[in-house]
Structures are given as C-alpha cells and as structure tokens.
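Here's the structure, in structure tokens; my notes come after.
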Amino acid sequence: MELEDLMRIFPRRLRMRKGDFFEEIDKMQELRFRIGQPVELIGGTRRIWQDAIVTRSDIREMLEYISGYSLYAFDEEIAQGFITIPGGHRVGVAGQVVMADGKIKTMRNISFLNIRLSHEIIGCGENVIPYILDDRRMLNTLIVSPPRCGKTTLLRDLVRIVSGKPENKSGKSVVVVDERSEIAGCYRGMPQNDLGCRTDVLDGCPKSHGMMMAVRSLSPEVLVVDEIGGEKDIRALRYAMNCGSSLLATIHGGDFKEVREKPLVKELVEEQLFRRYIILKGGRIPGQIQEILDERGMKMWC
C-alpha cells in the first residue's frame, strides 16, 4: 500500500500529522485504532503515536471512508469481523455484537479498528519451488510458521508461481479457498494480489466447505488453504487428496515437532500425506525459511 492510499482512510485531522511514523511502511503489518487510546503501529517493533488519541468521531469518519459512506452494505463482512479494502488490505472491527437466531448478524458502536496491511513480496517463493515440484506435479506441502512470520506472504507467492503467466504452458490450475480474504485480498470479487493467470478464488468461504466445492466443480490441480486445524478441515483435506488434487496449506507452529504433536494433524504426518514441510523463521523479515523437510521430517534444506 502506498502511503497516500493509506492516509485516505485516516481521519482528516490526522492526515497532516503523520510525522515520520510511516518511513518504513513496507515493513508495517498493522495499525490499531482504539477509542480513547493513541494509534499503535506494529511492524518490526511496536510504536505508539502518542499525540494521536483516537476519538469516536475518528472511528466514524474512517468507517465512512472504508465503506464508501454505505456501511450498512458491509453488514455481512462486518459479521465476520473485517472489511476488505482496495489493495487487499483488511480492516478488523470490534464493538457491540448484534445476534440473531444464535448467529452474529452485524456490529454496532464499532470502537476498535485494526488495519492489517497486505504485503506482496514477489519472488520470495522462487527458491522453494524446486523442492515442492516432482516431475511437474506439485507435492502435498505444509508451510509451518509462528504468527506474523510471513506464511501467507510465502503462500501467496507460491500460488503466483505455480499458476504462472499465460505464456507459461506448465502453469497449473489452482483454486484458493480464501476464508479470511487474506491470500487473494479480493475487493468486490476481484483479487487485489497477483495469483497468476490460472487461479480461481472462493473468497470468504469456510475452508471445509470450499475444499469440497472446489474438488467437485472446479477440478483444481492444486488446492490452496491457509491455517488448517479444525476437524472439518482435516476431513476435507483427505477428501481432496483422495480426489487427486495436490495440497498447499499452512498451519501455525514453531517447528515440525510441534506440528507432529497436534492431535488432528498427527495422523496426516504419520501417514506421510504431506511430502514437504516448509518451516519459517521468526523475525522481522517475513517469509524467511528456516528449513525444508521431507515426508519423514528429514532435512532437505537448512
């Protein structure tokens, strides 16, 4: 996101007071606005914009800019806790939850906003590709990463490479099940991030439903999901694998041992259904690889 684009959703009174807080916008991950508190900026470090205390008017004004002055039109997205804006960036919202028939209908009195910036690092997946392709077929691959270490950034670039450009005849048909609108960053149905030319996106669709839908109707060579973990996710993964689709997925974890001990994932590891594990490093630079392991957990690269 360019600084000018970001500032367009800021309250007017803060636009001219940005000072030097945005010098490293490319490294910035989140900006948090809480009524009665200073703006918090999270990147390589956490920084407080001390003289920018957020007011209710600030939040109201930002929501108007974010929604194009039609907040009611975003009730469905708000019920999921976020609004996606141009550029694929996601604004998390919190406030008074309105329930109907046991389900979240929308939110009122929104008092907290969290702008999560979507960063593309084109080319960060190039060194990984030789390890996850075998005779042009993609091997079932699981990216393991602690929070905020760039797993979605790496996942996005791998999709771009595998899907390919129009002139790349070896590009594969890819379906991304983007439950949280983080991979493609769709805005009004259109991906804001580069996912290659052979990628279809099921935006805002629960992973377990989306994987089944994709296999039944879109015939993906490669099926992509972010942050697996639930029992329904695991069942859908097995179904997709049995139907011939290759899997590219991510999971939270510090290392292979931690993933292997997760109750719902343990069987997948023991059955060697994932052929490659990409373990990411913690640190300020997203997408850095610590090691690549084979299906037995043996190091192939470190």
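Note that the numbering runs from 1 along the sequence shown for the chain. Here the structure is a predicted model, which is why all the values come from computation and not from measurement.
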Legend entry - Residues which pass ring-ring contact (aromatic ring centres under 6.0 Å, His included) with Phe256, listed by chain and number, not counting sequence neighbours: Tyr277
Inset, instruction - Could you grab the distance from atom CG of Asp194 to atom CZ of Arg160, nearest 0.5 Å is fine? - result: 6.0 Å
Inset, instruction - Write down the atom of Val215, the atom of Ser245, and the distance for their closest heavy-atom approach. - result: CG2-OG, 4.1 Å
Inset, instruction - With rounding to the nearest 0.5 Å, note down the distance linking CZ in Arg34 to CD1 in Ile53. - result: 12.0 Å
Legend entry - Exercise: identify the closest heavy-atom pair between Cys197 and Ser163: N-OG, 3.3 Å
Inset, instruction - Hey, could you give me the CE/CG distance between Met138 and Leu158, rounded to the nearest 0.5 Å? - result: 6.5 Å
Inset, instruction - State, with a plain yes or no, whether a side-chain heavy atom of Leu155 is found less than 4.5 Å away from one of Leu248. - result: yes
Legend entry - Ile278 side chain reached by Leu280 side chain, heavy atoms, under 4.5 Å: yes
Inset, instruction - Please answer whether the main-chain N or O of Arg12 pairs with a side-chain N or O of Glu61 as donor and acceptor at a distance below 3.5 Å. - result: yes
Legend entry - Atom pair CZ/CG of Arg180 and Asp203 - distance to nearest 0.5 Å: 13.5 Å
Inset, instruction - Verify the neighbour count for atom CD of Glu167: are there more than 12 heavy atoms of other residues, nucleotides or ligands below 6.0 Å? - result: yes
Inset, instruction - Side-chain contact test, heavy atoms from C-beta onward, threshold under 4.5 Å: evaluate it for Asp58 versus Arg13 and give yes or no. - result: yes
Inset, instruction - Kindly check if the number of other-residue, nucleotide or ligand heavy atoms within 6.0 Å of OH (Tyr72) is above 12? - result: no
Inset, instruction - Would you indicate whether the side-chain heavy atoms of Leu268 and Leu237 approach each other to under 4.5 Å? - result: yes
Inset, instruction - Spell out, as yes or no, whether a donor-acceptor pair under 3.5 Å connects the side chain of Thr199 to the backbone of Val175. - result: no
Inset, instruction - Let me see the working for Ile228 and Leu142 under side-chain contact (heavy atoms from CB on, under 4.5 Å), right down to the final yes or no. - result: CA-CA 10 Å; Ile228 62 169; Leu142 186 63; 3.9 Å; yes
Inset, instruction - For the residue pair Phe33 and Phe112, establish whether any side-chain heavy-atom pair is separated by less than 4.5 Å. - result: no
Inset, instruction - Ignoring hydrogens and angles, tell me if any N or O in the side chain of Ser118 forms a donor-acceptor pair with the backbone of His89 under 3.5 Å. - result: no
Inset, instruction - Can you establish whether the number of heavy atoms outside Glu267 located under 6.0 Å from its atom CD is more than 12? - result: no
Legend entry - Where Ala240 and Leu247 come nearest, the two heavy atoms and their spacing: CB-CD2, 4.0 Å
Legend entry - From Arg156 atom CZ to Ile121 atom CD1, the distance as rounded to the nearest 0.5 Å: 9.0 Å
Inset, instruction - Check whether any side-chain N or O of Arg276 sits under 3.5 Å from a backbone N or O of Ile132 as a donor-acceptor pair, and report yes or no. - result: no
Inset, instruction - Using side chain to side chain donor-acceptor pair (under 3.5 Å) as the criterion, list what pairs up with Gln192, not counting sequence neighbours. - result: none
Inset, instruction - Determine, for Arg60 against Glu64, whether the closest basic-nitrogen to carboxylate-oxygen distance falls under 4.0 angstrom. - result: no
Please list every donor-acceptor pair under 3.5 Å in which a side-chain atom of residues 103-110 meets a protein atom from a residue at least two apart or in another chain.
from   : atom 1 : to    : atom 2 : distance (Å)
Thr106 : OG1    : Asp75 : OD1    : 3.1
Asn109 : ND2    : Gln96 : OE1    : 2.6

Inset, instruction - Verify the distance criterion only: is there a donor paired with an acceptor across the side chains of Ser181 and Asp178 at less than 3.5 Å? - result: no
Inset, instruction - Using the rule that two of Ile, Leu, Val, Met, Phe, Trp, Tyr join whenever any of their side-chain heavy atoms come within less than 4.5 Å, decide whether Val174 and Leu218 are in one cluster. - result: no
Inset, instruction - Please name the residue in the list Met213, Met211, Glu179 that meets the side-chain contact (heavy atoms from CB on, under 4.5 Å) test with Cys205. - result: Met213
Inset, instruction - Identify whether Val162 and Ile143 are in the same connected component of the hydrophobic contact network (ILVMFWY, side-chain heavy atoms under 4.5 Å). - result: yes
Inset, instruction - Mark yes when over 12 heavy atoms from residues, nucleotides or ligands other than Glu231 sit less than 6.0 Å from its CD; otherwise mark no. - result: no
Legend entry - Minimal non-hydrogen separation, Pro166 against Arg198, with atom names: O-NH2, 3.4 Å
Inset, instruction - Search all heavy atoms of Ser246 against all heavy atoms of Asn140 and return the closest pair with its distance. - result: CA-OD1, 3.4 Å
Legend entry - Min side-chain heavy-atom separation Thr141-Phe274 under 4.5 Å: no
Legend entry - Under 3.5 Å: donor-acceptor pair, side chain of Asp226, backbone of Thr250: no
Inset, instruction - Report yes if some heavy atom in the side chain of Leu273 is under 4.5 Å from a heavy atom in the side chain of Met241; otherwise report no. - result: yes
Inset, instruction - Please answer whether the main-chain N or O of Ile83 pairs with a side-chain N or O of Glu77 as donor and acceptor at a distance below 3.5 Å. - result: no
Legend entry - Hphob cluster co-occupancy, Ile9 + Phe74, side-chain heavy atoms under 4.5 angstrom: yes
Inset, instruction - Spell out, as yes or no, whether a donor-acceptor pair under 3.5 Å connects the side chain of Asp134 to the backbone of Arg137. - result: no
Inset, instruction - Report yes or no: does Arg260 contribute a side-chain atom to a donor-acceptor pair with the main-chain N or O of Asp255 at less than 3.5 Å? - result: no
Inset, instruction - Verify the neighbour count for atom CE of Met300: are there more than 12 heavy atoms of other residues, nucleotides or ligands below 6.0 Å? - result: yes
Inset, instruction - Report yes if some heavy atom in the side chain of Ile289 is under 4.5 Å from a heavy atom in the side chain of Asn127; otherwise report no. - result: no
Inset, instruction - Decide side-chain hydrogen bond (donor to acceptor under 3.5 Å, both in side chains) for Asp233 and Ser208; before the verdict, give the C-alpha distance in whole Å, the side-chain angles of both, and the deciding distance to 0.1 Å. - result: CA-CA 5 Å; Asp233 295 349; Ser208 56; 4.6 Å; no
Legend entry - Derivation of the side-chain contact (heavy atoms from CB on, under 4.5 Å) call for Glu40 and Leu31: CA-CA 6 Å; Glu40 183 179 19; Leu31 295 93; over 6 Å; no
Legend entry - Donor-acceptor pair, side chain of Asp157 and main chain of Gly125, under 3.5 angstrom: yes
Inset, instruction - Find out if a path of hydrophobic residues (ILVMFWY) with successive side-chain heavy-atom gaps under 4.5 Å connects Leu117 to Ile66. - result: yes
Legend entry - Gap separating the CG atom of Asn193 from the CG atom of Leu195, nearest 0.5 angstrom: 6.5 Å
Legend entry - Common cluster, Val128/Ile279, ILVMFWY with side-chain heavy-atom separation under 4.5 Å: no
Inset, instruction - List the atom of Ala214, the atom of Leu223, and the distance in Å for their closest heavy-atom pair. - result: CB-CD1, 3.7 Å
Inset, instruction - Could you walk me through whether Val93 and Leu113 pass side-chain contact (heavy atoms from CB on, under 4.5 Å), step by step? - result: CA-CA 5 Å; Val93 299; Leu113 298 178; 3.6 Å; yes
Legend entry - Met99 atom CE, over 12 foreign heavy atoms within 6.0 Å: yes
Inset, instruction - Salt-bridge test for Arg32 and Glu30: reply yes if a basic N is under 4.0 Å from a carboxylate O, no otherwise. - result: yes
Legend entry - Pairing of Arg116 and Glu182 as salt bridge, 4.0 angstrom limit: yes
Inset, instruction - Could you walk me through whether Ile251 and Lys262 pass the side-chain contact (heavy atoms from CB on, under 4.5 Å) test, one step at a time? - result: CA-CA 10 Å; Ile251 192 170; Lys262 290 179 181 286; 3.7 Å; yes
Inset, instruction - Would you kindly check if the NZ (Lys) or CZ (Arg) of Arg15 is within the cone defined by 45 degrees around the ring axis of Tyr65 and under 6.0 Å from the six-membered ring centre? - result: yes
Legend entry - Lys/Arg cation over aromatic Phe82: Arg90, 6.0 Å, 45° cone: yes
